[in-house]
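So the structure is just underneath, and the comments pick up after that.
The figures here come from the full heavy-atom set of this structure, side chains too, leaving out hydrogens, waters and symmetry mates.
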Amino acid sequence: MASPRTITIVALSVALGLFFVFMGTIKLTPRLSRDAYNEMKRAYKSYVRALPMLKKMGVSSILLRKTIGALEVACGIVMTLVPGRPKDVANFLLLLLVLAVLFFHQLVGDPLKRYAHALVFGILLTCRLLIARQPEELPPDKRMLSVNGDEQPLIHEAAPEKGKMKVS
């Protein structure tokens, strides 16, 4: 049976992956929602206007929107379908994208309701990454410490609990 940690990581990975595939698709095509697509176009135009450095580098609002959308779709697919280390890399890339989007929202002075979803999903990405990077806890019978070649139980498990006597 899978551990609660594994179930949590899988659930977060699938949910976050599907969300980013959906949001990336909205940035790339009007097929899912024409209104949302038009809103994304308008928002990215304001982001590029607020950062003239992007214009000087030759980054248009279309290129920025499509790049971020494609990265979201690709990382979302990896988060949903690919096992192992690539999931953590995709998680990290999505976290960087969310931070960039939060920066853009702050730059143009958007109200909190316009970017609250980015905050929530940024927190969820952070939680998933932290849970995934924690070492797997071993079952009690496997927790042994090797001292001079002898396997011994860990000290806190070998000692009786405080206030209780060990009776043999």
Side-chain angles (χ1 to χ4, degrees), residues 1-33 36-37 40 43-44 47-48 51 53-54 57-107 110 112 114-157:
M1 183 167 167
S3 71
R5 176 182 174 273
T6 303
I7 293 170
T8 303
I9 291 170
V10 169
L12 277 172
S13 296
V14 170
L16 289 167
L18 292 175
F19 171 77
F20 282 103
V21 167
F22 176 73
M23 290 305 292
T25 304
I26 286 177
K27 288 177 179 81
L28 295 173
T29 179
R31 288 186 181 160
L32 292 180
S33 171
Y37 176 76
M40 290 291 176
Y44 277 85
Y47 301 157
V48 170
L51 270 177
M53 177 183 66
L54 289 175
M57 292 173 25
V59 177
S60 67
S61 65
I62 296 168
L63 179 63
L64 182 65
R65 177 175 45 84
K66 291 194 180 229
T67 302
I68 289 177
L71 276 170
E72 285 179 351
V73 169
C75 289
I77 290 170
V78 170
M79 290 276 294
T80 306
L81 301 175
V82 179
R85 186 65 138 204
K87 232 179 245 250
D88 292 343
V89 173
N91 191 148
F92 185 73
L93 289 173
L94 286 171
L95 191 55
L96 290 177
L97 281 176
V98 166
L99 290 173
V101 168
L102 288 172
F103 172 74
F104 289 144
H105 282 291
Q106 284 296 308
L107 193 64
D110 282 341
L112 178 62
R114 296 250 321 145
Y115 62 91
H117 70 281
L119 277 174
V120 170
F121 283 94
I123 291 168
L124 288 173
L125 283 166
T126 304
C127 290
R128 191 224 161 264
L129 195 59
L130 289 174
I131 293 168
R133 299 309 309 151
Q134 285 182 344
E136 186 76 38
E137 192 168 308
L138 296 174
D141 59 334
K142 302 277 187 197
R143 294 183 201 161
M144 301 296 266
L145 179 64
S146 180
V147 178
N148 296 332
D150 294 332
E151 295 277 323
Q152 299 176 356
L154 293 177
I155 293 172
H156 75 282
E157 292 173 357

(request) Would you check if S60 and L64 make a side-chain contact, meaning some heavy-atom pair closer than 4.5 Å? (result) no
(request) Could you pull out the closest heavy-atom pair between V98 and G122, with the gap in Å? (result) CG1-CA, 3.8 Å
(request) Check L94 against C75 and note the closest heavy-atom contact, atom names and distance. (result) CG-CB, 3.5 Å
(request) Kindly compute the distance separating OG1 (T67) from CD1 (I62), expressed to the nearest 0.5 Å. (result) 11.0 Å
(request) Check the pair F121, M23 against side chain to side chain contact (heavy atoms under 4.5 Å, CB included), reporting the backbone distance first and the verdict last. (result) CA-CA 12 Å; F121 283 94; M23 290 305 292; over 6 Å; no
(request) Classify the ring geometry between H105 and Y47 as parallel (under 30°), tilted (30 to 60°) or perpendicular (over 60°). (result) perpendicular
(request) State, with a plain yes or no, whether a side-chain heavy atom of I77 is found less than 4.5 Å away from one of F20. (result) no
(message) As a quick check of understanding, evaluate side chain to side chain contact (heavy atoms under 4.5 Å, CB included) for F19 and V14, giving each step before the final call.
(response) CA-CA 8 Å; F19 171 77; V14 170; over 6 Å; no
(request) Could you walk me through whether F22 and E72 pass side chain to side chain contact (heavy atoms under 4.5 Å, CB included), step by step? (result) CA-CA 9 Å; F22 176 73; E72 285 179 351; over 6 Å; no
(request) For residues R114 and A43, report the shortest heavy-atom separation together with the two atoms involved. (result) NH2-CB, 4.0 Å
(message) So Y115 and L102, do their side chains get closer than 4.5 Å, heavy atoms only?
(response) yes
(message) Using every non-hydrogen atom in the two residues, find where S33 and A36 come nearest and quote the distance to one decimal.
(response) OG-N, 3.2 Å
(request) Specify the closest pair of heavy atoms between I131 and T8, including all atoms of both residues, with the distance to one decimal. (result) CD1-CG2, 3.9 Å
(request) Examine distances only and state if a side-chain atom of K27 and a backbone atom of R65 form a donor-acceptor pair shorter than 3.5 Å. (result) no
(request) Give a yes or no on whether the backbone of V10 and the side-chain of R128 come within a donor-acceptor separation of less than 3.5 Å. (result) no
(message) Just verifying a value: how many Å separate L16 CG and T80 OG1, rounded to the nearest 0.5 Å?
(response) 8.5 Å
(message) So, taking the atom named CG in L63 and the one named OH in Y44, what distance separates them when rounded to the nearest 0.5 Å?
(response) 11.5 Å
(message) Once rounded to the nearest 0.5 Å, what's the spacing between atom CG of L119 and atom CG of L124?
(response) 11.0 Å
(message) Measuring from atom CG of L95 to atom OG1 of T126, what distance do you get when rounded to the nearest 0.5 angstrom?
(response) 4.5 Å
(message) Using 0.5 Å steps for rounding, measure from the CD1 atom of I26 to the OH atom of Y37.
(response) 12.0 Å
(message) Do F104 and L51 make a side-chain contact, defined as non-hydrogen atoms from C-beta onward lying under 4.5 Å apart?
(response) yes
(message) Keeping T29 on the side-chain end and T25 on the backbone end, is there a donor-acceptor pair under 3.5 Å?
(response) no
(request) Could you tell me which non-hydrogen atom of L129 sits nearest to which non-hydrogen atom of D88, and how far apart they are? (result) CD1-O, 3.9 Å
